[in-house]
Amino acid sequence: MEEKYIPRNVEEKWQKIWEENKTYKVTEDPSKPKYYLLEMFPYPSGRIHMGHVRNYSIGDVVGRFKRLRGFNVLHPMGWDAFGMPAENAAIQHKSHPAKWTYENIAYMRSQLKKMGLSYDWDRELATCDLDYYKWEQKVFLEMYEKGIAYKKTSYVNWCPKCETVLANEQVEDGACWRCDSEVTQKELEQWFFRITDYAEELLEYTEKLPGWPERVLTMQRNWIGKSYGCEIDFPVEGSLAKIKVFTTRQDTLYGATFMSLAPEHPMALELTTPDRRAEVEAFIDKVKKTDKIKRTAEDFEKEGVFTGSYCINPVTNRRMPVFLANFVLLDYGTGAVMAVPTHDQRDFEFAKKYDLPLQVVIQPEGETLDSAAMAAAYTEVGAMVNSGPFDGLRSDEAKEKIADYLAKEGIGTKTVNFRLRDWGISRQRYWGNPIPVIYCDICGVVPVPEKDLPVVLPMDVEFTGEGGSPLKKLDSFVNVPCPQCGQMARRETDTMDTFVQSSWYFLRYCCPDFAAGPIDKARAEYWMSVDQYIGGIEHAVLHLLYARFFTKALRDLGYVKVDEPFTNLLTQGMVIKDGAKMSKSKGNVVDPDALINRYGADTARLFSLFAAPPEKDLDWSDQGVDGSFRFLNRVWRLVCDLLPFIGKGGAVDPASLSDDARGLRRAVHKTIRKVTDDIDERFHFNTAIAAIMELVNAIYAFEPKNVPEYGPLLTEAIESVVIMLSPFVPHVAEELWEALGRKGGVEAAGWPSFDPSAAVDEEFLIVVQVNGKLRGKVTVATDATEEQVKAAAFADEKVKPWIEGKQLRKAIYVPGKLLNIVVG
RNA sequence: GCGAGAGUGGCGGAAUUGGCAGACGCACUGGACUUAGGAUCCAGCGGGCAACCGUAGGGGUUCGACUCCCCUCUCUCGCACCA
């Protein structure tokens, strides 16, 4: 063993051994408990960043720990490899996205290997591999057949910079999630996945995922946005037409005095009378030009226009003028709102602006509202008034009764409404999975027959950066005979959203070589669900919702048996430096390559695990990294110092140990217990590492270490330290393990077992309080009675002055811990 | 505005069930070894001379509160005209 710890030598040596021996390759083994551990796979942007280092270090601790505990651990890695940056880079460098992507993958793979992560590299996949995306096309066609995938024309989010459509989930604050450009609305025909069919189940299962962080579940629940209410028909005056509204406040129906439609509502122009036409058209135009973010901001001024038509309130028969209003959204509910200005703030402001009538139908307790004097809408519960047969009821109780009444009268129906929209997956980009359909003038939409799959993404395209997808201009791709009638037809040139690929990659990892279909059911059944998923919080409603939906859809297609993909989810915090997220503009970026070159991967891993618990943000400190490096050196030296005693003298004989020796052994076993709990139960790696540091300090401080008979004790102690360190710093641990004369690697030894008898305290330190304040400490035998403890406490020199001459009121004794003497 | 989470030394953070606040590490101070020290080892390290005071601030429950309850402040994240 070298006297000096040189990380590079140690790490290169062990990485080579792991690679040659395929140490972390796994196969399905029904005799062992399985553990599927997964970290979110990276986008191959060029190089890994500290967020990856942290994410994958956390995962690797769990993987290595579970292996030491005898689990058959599936721990795969791959690449989320389709996507726009590759295309942009290609345009910029006059290269090809495939070249750029695969070069990035090669470099990033080498970086991950330098970190010593325990992946089964034989399962590696990239979503841009034909062997991956071809199966996705098959799944798409099966979804099309089942009606889960469908095409429709609608207003969609359009990013002008990326020249493509975005799903609702991919628009953040009105801007593109990727390039931050302002998103506009465009009417286009697009492919969608019917995620709304699964809205109820996706919501219901948020209650059945106890291993997920509550805030992720809350975010998903908000996004799904279930609300209970009624759909109510309002007949149009002088016509057979009806306007359907959705409301959650059917209790205010008697107070509805006008009607508000979304400007894009299909009936908007039909209802407009000739004299109002010019004004209405101008208004619709204006609203369409306003971007959606501004329009949906709460403080945006409410504006509208009267259509000239009236509808009839079906319960009061009141004539209600029909307006178009800028705050009414076409894609929520029915795109039409019954306006109750007295009990809805938006309607109130609108009514004031356009001088529309107010009718109070709910009175707060102990107050009488006067519609003429109201300064704001009253939106709380109260007593129903001016509501025919429902007068006098509490408004919240009346909801159900009115809903029943409307149903009986055929005016309305009880409904449930979701905020969730279907997932638009068409992207007008090249570097993605081609949507496998053909458009024929005679036959319409024709799916590519299975025998013609896959639709290969052609490589011979030109990147000009202009005019959208280059696929459109590639005649050899676009022009194909119709599979049904043989006439010349056009191929779909849109590709699938990259979130489609990440919605099932965890299933393909179970069987990456499966040649007969997307998923080998038997192997997927062995491995699924993912026992522990680890990644950033930023995917709380994007990837994590899509993947849940996709898993359920695949279940319904017969591919998998599980309802949910991820049993436990850990969302790690960001890596921060100097108070800000690492970014080039801030100049606070730490480069993983430089870090590993200087300190080695083990130190990089150790610090990123030690500095904070995983779910919290991690404050990067260069000096802290020094500290972690020093600790590894300290362990290295300790092993060097102790080598003469290692393996000498057989097993530990507890009976022959001195008090000090028993103390050290107690520390060893208490540490084993703590580190095991911290890793297994809580994922608190920072406190686990702290406990090991304490134990190392204790071994250093163990004075009689020069006496040979302490060989067995010191062997047990140092071996425990090395094994417990191995999930965190695998290279140096293996090297030390070998230096200790142990063959076959740390893993063969298994996780150290905790011996309760060795960890038992021989005496207790009792904290003595007087009136709740700490006044002294006494040491007693573990079997001391309360009376004996009291006697010891009263006799203690430090305690005496506080109780002398005072009346003893009572004494509270917490066995083994504390005595509180109350005097007065 | 609504919802969730957080606020502890100079810094990152511990305190798992209401029981020694500040583990572990960083920074700092002193000492040892040394030609040298940015290596290593040893000691100290919340404030205050002390009584005491200290976990964002105020109140409460309790023998005892970082921990439980009420109010206030600050920060972070999510949602936000959703009918």
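By convention in this document, chain letters (A, B, ...) are assigned in the order of the sequence lines, proteins followed by strands, and residues within each chain are numbered from 1.
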Measure [atom1]/[X] against [atom2]/[N] and give the value in whole Å, please.
X	N	atom1	atom2	answer
Asp678(A)	G13(B)	CG	C1'	14 Å
Asp619(A)	U8(B)	CG	P	13 Å
Glu681(A)	U17(B)	CD	P	12 Å
Asp347(A)	C82(B)	CG	P	10 Å
Lys352(A)	C81(B)	NZ	P	24 Å
Lys773(A)	G64(B)	NZ	P	10 Å
Trp223(A)	C82(B)	CH2	C1'	12 Å
Lys616(A)	G12(B)	NZ	P	9 Å

[atom1] atoms of [N] and [M], separation to the nearest Å:
N	M	atom1	answer
G59(B)	G13(B)	P	29 Å
G58(B)	A65(B)	P	15 Å
C45(B)	G37(B)	C1'	23 Å
G22(B)	C41(B)	P	24 Å
A80(B)	G3(B)	P	16 Å
U76(B)	A56(B)	C1'	15 Å
C66(B)	G46(B)	C1'	15 Å
G44(B)	G25(B)	P	13 Å

Of Leu774(A) and Met338(A), the one whose closest nucleotide on RNA chain B sits nearer the 5' end is Leu774(A)
Comparing Asp677(A) and Arg775(A) on RNA chain B - which has the more 5′ nearest nucleotide
Asp677(A)
Atom CG in Leu420(A), atom NZ in Lys226(A): separation rounded to 0.5 Å?
12.5 Å
When rounded to the nearest 0.5 angstrom, what distance separates NE2 in His265(A) from CG in Leu324(A)?
9.5 Å
May I ask you to say what [X] touches in the nucleic acid, namely base, sugar-phosphate or nothing, with a heavy-atom cut-off under 4.0 Å?
X	result
Ile537(A)	nothing
Val340(A)	nothing
Trp802(A)	sugar-phosphate
Arg346(A)	base
Val822(A)	sugar-phosphate

Reckon Arg419(A) has a side-chain N or O less than 4.0 Å from the OP1 or OP2 of A80(B)?
yes
Would you say a side-chain N or O of Asn686(A) is under 4.0 Å from OP1 or OP2 of A14(B)?
yes
Quick one: classify the glycosidic conformation of G47(B) as syn or anti, with syn meaning within 90° of 0.
anti
Tell me, with the steps shown, if Tyr254(A) and Asn313(A) meet side chain to side chain donor-acceptor pair (under 3.5 Å).
CA-CA 8 Å; Tyr254(A) 286 79; Asn313(A) 184 321; over 6 Å; no
Confirm from the modelled atom types if [X] and [N] form a donor-acceptor pair under 3.5 Å, side chain to base only.
X	N	answer
Lys817(A)	C20(B)	no
Asn820(A)	C63(B)	yes
Lys674(A)	U16(B)	yes
Lys810(A)	C63(B)	no

Do other residues, nucleotides or ligands put more than 12 heavy atoms under 6.0 Å from the [atom1] atom of [X]?
X	atom1	result
Lys286(A)	NZ	no
Arg215(A)	CZ	no
Lys242(A)	NZ	no
Arg598(A)	CZ	no

Of the options C79(B), A14(B), C81(B), whose atoms approach the side-chain atoms of Thr687(A) most closely?
A14(B)
With the side chain defined as heavy atoms from C-beta on, Met219(A) is closest, among C81(B), G78(B), A83(B), to G78(B)
How would you summarise protein contacts on nucleotides 24-49 of chain B per nucleotide, using B for base, S for sugar-phosphate only and - for none, with heavy-atom distances below 4.0 Å?
BSSS------------SS--------
Hey, can you tell me if Phe728(A) and Phe685(A) have their rings parallel, tilted or perpendicular (30° and 60° cut-offs)?
perpendicular
Whether Phe323(A) and Tyr354(A) hold their rings parallel, tilted or perpendicular, with breakpoints at 30° and 60°:
tilted
Dot-bracket notation for RNA chain B, counting Watson-Crick and G-U pairs under 3.5 Å, with | for partners on another strand:
(((((((..(((......[....))).(((((.......))))).((....))..(((((..]....))))))))))))....
Glu786(A) and Lys790(A) ion-paired at < 4.0 Å:
yes
Check whether Tyr332(A) forms a cation-pi arrangement with Arg419(A) (NZ or CZ under 6.0 Å from the six-membered ring centre, at most 45° off the ring normal).
no
Any chance you could lay out the ring pair (Phe, Tyr, Trp, His ring centres under 6.0 Å) test for Phe702(A) and Tyr700(A), step after step, and finish with the verdict?
CA-CA 6 Å; Phe702(A) 184 66; Tyr700(A) 260 99; over 10 Å; no
